Colleague: 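Let me begin by handing over the structure; questions about it come next.
Worth knowing before you read on, the calculation uses all heavy atoms, side chains too, and leaves out hydrogens, waters and symmetry mates. Because the structure is a prediction, the values reported are computed rather than measured.
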Amino acid sequence: MSFARLGATILVATSAFAAPAFAQSQIDNPECVAPANPGGGFDLTCRVAQTGLEPHLSEPVQVTFMPGGIGAVAYNLFNTTRTDDGSAIVAFSTGSLLNIVTGKYGDFTEKDVRWVGTAGADFGAVVVRNDSDYTDLKGLMDDFAADPASVVVGAGGSVGSQDWMKGALLLREAGASPMDMRYVAFDGGGDAIAALLGGSIEVYMGDVGEMVPHIESGQMRILGVMSPERLDAPFAEIPTAMEQGYDVEWTIMRGFYMGGEVSDEDYQKWVDAFEAAYATEEFAAVQKERGLLPLNLAGDALTDRIAQSVATLREIATEAGLLGN
């Protein structure tokens, strides 16, 4: 399987649940922790929970922010201090799983937390300011091929993160070495977007979902979406990297975990709420509004998918030279 194609195997199918939509889980002070600063993908993920779960929880979900290490601070906290906190879920993405695989979250593994539910599927996006000289992906790829260091790329993650990986895939496709990429790391997508708008970087390796408000405001332009096929509105006019002739895909799972010592009763309350939400048209509307596609997995189904995804990401990381063979 090619390096460019492996990311797409993380998302294979969607699932639907038939739990009663009228059921409400009784959770005191429900909280969604976005492990980065406001404005990025983790913020988006928590907003899906906040809005989409509202009819299915006894109280509204409050969103809090815990930046640090692209999720490392939160992952360590919920593996040490808040291991049994039944009121809180934490946002994660495929990038979080990659960080676990490459050891950026310390010695903790994917087996140390409880995987609760998903918010949906997102896709990588190659983003520039609206006044950028780059008007299509070809112009950027030509510059990558001629002199990778001539383009300043930035994203919310360090070398080896999923956002770095998106850039690495593009450079490989352009015939250049990923290690030649001039890359600036930020602590979350919100900071990277601010740097793009401020002119500190030229290209942002982001995610489609977090781009909705910025595309609507006319501040940014997406050169290409790293999805297998063209997406629906509001991205229907944006070509994929594939259709522009570049064999690059990156699919992102977005979801939530809890501390590993959360009781079965508290864990099941959240699982029930997600399953009830998945059965409604309202939750699908929230996903679409946030630029996500349906990927509806909760409880054991999500835990099984996490195990599959981690195995795939370990293969990707090894091929990229991020892990020993």
Side-chain angles (χ1 to χ4, degrees), residues 4-5 7-16 39-45 47-48 51-52 93-95 118-141 155-156 162-163 165-167 169-170 173 189-190 192-193 196-197 202-255 277-278 280-297:
R5 291 285 187 175
T9 65
I10 296 166
L11 173 61
V12 179
T14 61
S15 297
F42 289 138
D43 187 353
L44 177 150
T45 305
R47 299 301 173 185
V48 171
T51 305
S93 72
T94 298
T118 51
D122 204 347
F123 299 96
V126 186
V127 185
V128 296
R129 282 195 345 185
N130 201 40
D131 60 358
S132 171
D133 291 337
Y134 294 119
T135 58
D136 57 25
L137 189 55
K138 182 180 185 302
L140 175 62
M141 294 295 281
Q162 79 159 348
D163 288 342
M165 196 78 76
K166 298 169 196 169
L169 287 170
L170 290 175
E173 187 68 8
I193 289 171
L196 179 70
L197 294 176
E202 297 171 86
V203 180
Y204 170 50
M205 295 298 169
D207 305 329
V208 169
E210 64 187 335
M211 288 295 104
V212 173
H214 303 287
I215 298 300
E216 291 175 347
S217 70
Q219 293 177 297
M220 291 185 244
R221 180 167 63 243
I222 298 178
L223 300 181
V225 176
M226 296 180 177
S227 56
E229 299 176 352
R230 192 174 288 210
L231 304 178
D232 293 334
F235 306 107
E237 302 304 314
I238 301 172
T240 67
M242 295 285 291
E243 69 182 87
Q244 295 180 76
Y246 305 106
D247 189 17
V248 177
E249 297 178 12
W250 192 266
T251 301
I252 303 142
M253 178 194 298
R254 294 200 174 281
Y278 295 155
T280 67
E281 294 181 2
E282 288 78 9
F283 191 83
V286 171
Q287 289 175 317
K288 184 174 183 179
E289 185 179 295
R290 295 291 181 173
L292 302 180
L293 291 184
L295 174 61
N296 299 334
L297 300 167

Colleague: Would you mind reporting whether Gln162 and Ser93 have side-chain heavy atoms less than 4.5 Å apart?
Modeller: yes
Colleague: Taking side chain as C-beta onward, heavy atoms only, is Leu140 less than 4.5 Å from Leu223?
Modeller: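 Yes, at least one pair of side-chain atoms sits under 4.5 Å.
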Colleague: Apply salt bridge (Lys or Arg N to Asp or Glu O under 4.0 Å) to residues Lys138 and Asp136 and explain how you reach the verdict.
Modeller: CA-CA 5 Å; Lys138 182 180 185 302; Asp136 57 25; over 6 Å; no
Colleague: Can you name the nearest heavy-atom pair linking Thr45 to Ala119, along with the distance?
Modeller: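 Minimum heavy-atom separation between Thr45 and Ala119: CG2-CB, 3.9 Å.
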Colleague: Does Asp133 have more than 12 heavy atoms from other residues, nucleotides or ligands lying within 6.0 Å of its CG?
Modeller: no
Colleague: With side chains defined as the heavy atoms from C-beta onward, is the minimum distance between Met211 and Ile193 less than 4.5 Å?
Modeller: yes
Colleague: Looking at every non-hydrogen atom in both residues, tell me the closest pair between Gly291 and Asp122 and how far apart they are.
Modeller: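 What the structure gives for the nearest pair is O-OD1, 4.2 Å.
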Colleague: Under a 3.5 Å distance rule, please check whether Thr51 uses its side chain to pair with a backbone N or O of Arg47 as donor and acceptor.
Modeller: yes
Colleague: Rounded to the nearest 0.5 Å, how far does CG of Leu170 lie from CG of Asp247?
Modeller: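 So the CG of Asp247 and the CG of Leu170 are separated by 11.5 Å.
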Colleague: Side-chain contact, heavy-atom cut-off 4.5 Å: Phe283 with Val48?
Modeller: yes
Colleague: Pairs under 3.5 angstrom only: tabulate donor-acceptor contacts from the side chains of residues 232-239 to other protein residues two or more places apart or in another chain.
Modeller:
none

Colleague: With Tyr204 as reference, evaluate His214, Glu210, Lys166 under the side chain to side chain donor-acceptor pair (under 3.5 Å) test and give the passing residue.
Modeller: Glu210
Colleague: Leu169 versus Met205: any side-chain heavy-atom pair under 4.5 Å?
Modeller: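 Side-chain contact under 4.5 Å: no.
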Colleague: Taking only Lys NZ, Arg NE, NH1 and NH2, and the carboxylate oxygens of Asp or Glu, determine whether Asp207 and Arg254 approach each other closer than 4.0 Å.
Modeller: yes
Colleague: Would you check if there is a donor-acceptor pair between the side chains of Tyr278 and Thr118 at a distance under 3.5 Å?
Modeller: yes
Colleague: A side-chain contact here means heavy atoms from C-beta on lying under 4.5 Å apart; do Phe123 and Glu249 qualify?
Modeller: no
Colleague: Counting C-beta onward and ignoring hydrogens, is there a side-chain heavy-atom pair between Gln287 and Asn296 closer than 4.5 Å?
Modeller: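 Side-chain contact under 4.5 Å: yes.
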Colleague: To the nearest 0.5 Å, how far apart are CG in Leu137 and CD in Glu243?
Modeller: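 One finds 10.5 Å between CG of Leu137 and CD of Glu243.
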Colleague: Heavy-atom distance under 4.5 Å between the side chains of Leu197 and Met220, does that happen here?
Modeller: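 Yes, side chains in contact.
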